[in-house]
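Read the numbers this way: they start at 1 and go in the same order the structure lists the ligands and their atoms. Please read all numbers here as calculations on a predicted model, not as lab measurements.
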Amino acid sequence: MSALVLDIDRLSITSGARRLVEEISLRVAPGERVGLIGESGSGKSLTALASVGLLAEGLVPSGSIRLGGHQVVGAADSALAKLRGEVAAMVFQEPLTALDPLMPIGRQLAEVVRRHARRNRHSMDRRSVERAVLDLVRQVSLPHPDRLVRSFPHEISGGQRQRVAIAMALACEPQLLIADEPTTALDVTTQAEILTLLRDLVTARNMALLFISHDLPVVAGIAERVIVMRQGAIVEEGTVSQVFAKPAHAYTKSLMAAARSFDDALEIPR
Ligand SMILES: Nc1ncnc2c1ncn2[C@@H]1O[C@H](COP(=O)(O)OP(=O)(O)OP(=O)(O)O)[C@@H](O)[C@H]1O
């Protein structure tokens with residue numbers, strides 16, 4: 001049994017004759033925060049989706065993905081369903097992906113709490129489910145929990161919806177949280193708040209994090225180690241300080257230069 005929470009070994013993903021991901025290997029240890037960066041279309045999201053067995057139809061993985069010690073490639077859907085939420089949970093760019101627009105937020109969270117309890121053969125009465133839901137809402141620092149649980153997703157802000165999506169991901173106490181561009185759809189202030197929340201939550205719970213972004217400064221703020229992808233392959237990896245202080249690959253250098261020139265462009269002339 002692998003001690004790693006995620007152990008990807010020579011994963012390739014094909015769509016017909018096209019190779020979208022090319023023999024990548026990456027590992028995430030328990031409690032480790034890893035950033036996966038690269039330009040749009042480099043294969044970051046496909047790698048994340050393959051890790052939890054959620055690749056779209058027509059996309060074929062090969063190689064090995066061990067999640068919490070269980071093989072994902074070729075596993076039956078029933079086996080994968082047990083790993084999702086419990087071993088690894090995902091937070092997406094658009095929080096509405098995870099939310100039902102027609103159901104109050106409290107009921108959606110209660111469903112996840114009940115499912116988690118059932119899986120662990122743990123019986124919970126209505127009061128304890130309600131308490132667990134309010135506790136989750138507080139952990140993600142949502143205001144007015146009593147009112148919030150009665151709201152529908154469209155009645156709260158984008159940042160609050162992302163907090164709800166994070167609460168749903170945390171409800172099953174997964175060993176690994178995969179966050180795919182979780183702040184890209186948010187304004188800059190809300191982005192910073194959500195990043196701080198994610199970092200604090202995973203650190204406090206000693207959860208591992210695979211954080212996907214095309215934004216170098218964002219990754220530097222949350223990850224300890226960084227993996228750089230380009231055109232379906234891993235081109236560089238190392239600690240954040242190693243890669244940022246001394247990028248070895250020309251592509252990483254160009255990413256850094258682009259981030260710098262963006263910063264310069266934002267600087268107000270004196
Ligand atoms: N369902 C699919 N069928 C066929 N090709 C796909 C499918 N999903 C993604 N791709 C292709 O696979 C490649 C990698 O996509 P992926 O979404 O992993 O990129 P990414 O690095 O996450 O980019 P972004 O930052 O834009 O999300 C792209 O060329 C994309 O067009």
| Exercise check, heavy-atom protein proximity under 4.0 Å to atom 29 (O) of ligand 1 |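 For atom 29 (O) of ligand 1 the answer is yes, since some protein heavy atom falls inside 4.0 Å.
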
| task | Look at atom 13 (C) of ligand 1 and say whether a protein heavy atom is found at less than 4.0 angstrom from it. | result |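 Within 4.0 Å of atom 13 (C) of ligand 1, protein heavy atoms are found.
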
| task | Note the single closest protein heavy atom to atom 23 (O) of ligand 1, along with its residue, its atom name and the distance in Å. | result |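 Ranked first by proximity to atom 23 (O) of ligand 1 is G41 N, 2.7 Å.
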
| task | Give the residue and atom name of whichever protein heavy atom lies nearest to atom 17 (O) of ligand 1, and the separation in Å to one decimal. | result |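 Protein heavy atom with the smallest distance to atom 17 (O) of ligand 1: S45 CB, 3.6 Å.
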
Non-hydrogen atoms of [X] versus ligand 1: any pair closer than 4.0 Å?
X   : result
R18 : yes
G58 : no
Q93 : no
E39 : yes

Would you give the length of the straight line joining atom [atom1] of [X] to atom [atom2] of [Y], rounded to the nearest 0.5 angstrom?
X    : Y    : atom1 : atom2 : result
S42  : H214 : OG    : NE2   : 10.5 Å
D146 : E130 : CG    : CD    : 10.0 Å
M229 : Y251 : CE    : OH    : 10.0 Å

| task | Please work out which of E57, Q231, K44 has its closest non-hydrogen atom nearest to atom 21 (O) of ligand 1. | result |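 Selected option, by shortest heavy-atom distance: K44.
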
| query | Which option out of L46, T14, I13 puts a heavy atom nearest to atom 18 (O) of ligand 1? | reply |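 It is L46 that holds the nearest heavy atom.
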
| request: Return yes if some donor-acceptor pair links the side-chain N/O of T183 with the main-chain N/O of L186 below 3.5 Å, else return no. | output: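 It does not hold such a pair.
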
| P153 backbone acceptor or donor facing R161 side chain under 3.5 Å |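 Such a contact is found between R161 side chain and P153 backbone.
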
| Is it true that the side chains of D187 and T190 contain a donor and an acceptor less than 3.5 Å apart? |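 Judged by distance alone, the side chains do pair up.
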
| Path from V228 to M256 over hydrophobic side-chain contacts below 4.5 Å |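 Yes.
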
| request: Flag yes if I194 and L96 sit in one hydrophobic cluster, no otherwise; membership is Ile, Leu, Val, Met, Phe, Trp, Tyr, and two members link when side-chain heavy atoms are under 4.5 Å apart. | output: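 In one cluster: no.
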
N or O contact, [X] vs ligand 1, cut-off under 3.5 Å:
X    : value
S40  : yes
G43  : yes
S15  : no
L20  : no
H214 : no

| Per-atom contacts of ligand 1 with S42, taking only distances under 4.0 Å to non-hydrogen atoms |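 Near S42, the atoms of ligand 1 are 19 (O), 20 (P), 21 (O).
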
| request: Record the part of L59 in heavy-atom contact with ligand 1 below 4.0 Å; permitted values are side chain, backbone, both and neither. | output: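 Side chain only.
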
| query | When you look for heavy atoms under 4.0 Å from ligand 1, do you find them on the side chain of E181, its backbone, both, or neither? | reply |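 Just the side chain.
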
| query | V140 and L197: which non-hydrogen atoms are nearest, and at how many Å? | reply |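 Closest heavy-atom pair between V140 and L197: CA-CD1, 3.8 Å.
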
| query | Under a 4.0 Å N-O cut-off, is there an ion pair linking E22 with R19? | reply |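 Answer for the salt bridge query: yes.
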
| said: Looking at R225 and E32, is there a salt bridge between them, counting it only when a charged N and a carboxylate O are closer than 4.0 Å? | reply: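 Salt bridge flag = yes for R225 with E32.
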
